[in-house]
Amino acid sequence: MSLTGLHLTAIGSGRFLLEPGAGLDIGQRDELIDSILGRLQKGEASLMYYHLGGQPVIDEAYYAWLDALARACVAINVRMVCVHMQPTAAFALSHILKAPPAFDSALSVDL
Amino acid sequence: MMATKSKTSSILIDVLKLQMGNISESIEREGKNILGGSNLLSSEEITDFCLEFLQLLIALLESKDPHDDASPQFHAMEIFFNNLSKQLLVRGGRVEDLVRYIQFMQRTLIESLGTAKSVSPQDMREILLYLSGLFNEMILSVFHAYLDEKERTIYAQEAELRETATPITEIWDGVLTLPIIGTLDSSRTMIVMEALLSRIAAERAETVVMDLTGVKSIDSQVSHHLIQMVRAIQLMGSAAIVTGIRPEIARALTSLNIDLGNVTTRATLSDGLKEAFRRMNIQVTRG
């Protein structure tokens, strides 16, 4: 399923992979979260991987988007796991975080 | 003013040309005493150096404005002393020796003025002021080179120390160890984190064991950096295990209100490795 600026794919066993693209507009956060959550619920998702391989830096604005999405996922009983976070992004985000994030992290999608 | 400068230059050029042999011989002899005695420069190098210096000095005096410190001739003279200084320092020479030698050159030139005929006190004063200014600039140039060289050495030593002080080792497939010795200041944390996160990405490391046995004391800044490092490791998707926390460090962390609730800790590096293996379903048995 393609949403504006991101791609959400069912990868089996209630798991989904969210791949943001260059056209992702996090300013449209509420609309994006509504669409993603609708799709996750429809697909009876229990886990969503968020692919961060193309995100070299995570700033306050991008973290706010990740945080909002992760909390919304928790509300519908879906675990959000960020994968392929770049060293530069992890470095930048570790300086922003005051508490553990609402999402989990993994090196890659667990096959 | 320009007329005075030209006169100063022409008097000096005349003296140099007339006394070239004596001046050259004198500064060459002293050069061999000061720089050749400790084998810093060979006899041929000192001879070449003296000739080059005199040629550069004449070129400067013959230039449009010998007082112009932005002229190519002045710049050439500066580069000459700068290079000589670097060459000597690399060979283990002392900057004091070179400075003494430059002062000797100045003295030799001033002494040679004694042979100049019909030089008014005013011209003599101008010449002395000019030589003093010129040689002071050359000494400054030598000190700049000395400081540059020292800074480069210190930087290289610091880099080497940083490299050896934080060795990141892949002790098992997917398990990295990072023994931290000493204190973690901001710049060191940045370097360690950069290296560690890149290694996690490159090796796809599942677990990082950070050993603090070598950390003798901890303050709020260091503990903050430690938590940042653990957080960055976890964000990359790896597990962080902190080992070797001394009782006084544990007490300090508590009094600093640092929450290690989300951090896996083990008493020793060995325990930390066992925990890493357990998580990866690896069993190590005696053969």
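Residue numbering restarts at 1 for every chain, and letters A, B, ... go by the order of the sequence lines.
- Proximity to chain B involves both the backbone and the side chain of A:S108, based on heavy atoms less than 4.5 angstrom apart.
- By the neighbour-count criterion of 12 heavy atoms within 6.0 Å, atom NE2 of B:H75 is sparsely surrounded, having that number or fewer from other residues, nucleotides or ligands.
- Contacts with chain B were tallied for A:L97, A:L52, A:T88, A:D104; A:L97 has the most, counting heavy-atom pairs under 4.5 Å.
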Report task. Please lay out, stage by stage, how B:M193 and A:S94 fare under the test side-chain contact (heavy atoms from CB on, under 4.5 Å). Result -> CA-CA 10 Å; B:M193 268 173 89; A:S94 72; 3.3 Å; yes
**Report entry** B:Q228 vs A:F91, side-chain contact (heavy atoms from CB on, under 4.5 Å): CA-CA, chis, key distance, verdict
**Finding:** CA-CA 8 Å; B:Q228 251 179 17; A:F91 183 84; over 6 Å; no
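- For a residue to count as touching a neighbouring chain, one of its non-hydrogen atoms must lie under 4.5 Å from one of that chain's; by this rule B:M229 does not touch chain A.
- B:E96 CD: more than 12 foreign heavy atoms inside a 6.0 Å radius.
- Shortest non-hydrogen contact noted between B:A232 and A:A90 is O-CB, 3.8 Å.
- Within a 6.0 Å sphere centred on CD of B:E194, other residues, nucleotides and ligands contribute 12 heavy atoms or fewer.
- At least one donor-acceptor pair closer than 3.5 Å links the side chain of A:S105 to the backbone N or O of B:L235.
- Between B:M236 and A:L107, the closest heavy-atom pair is O-CD2, 3.5 Å.
- Looking at B:A205, the atoms closer than 4.5 Å to chain A (heavy atoms on both sides) all sit in the backbone: N, CA, C or O.
- To the nearest 0.5 Å, the span separating CE on A:M85 from CD on B:Q234 amounts to 11.0 Å.
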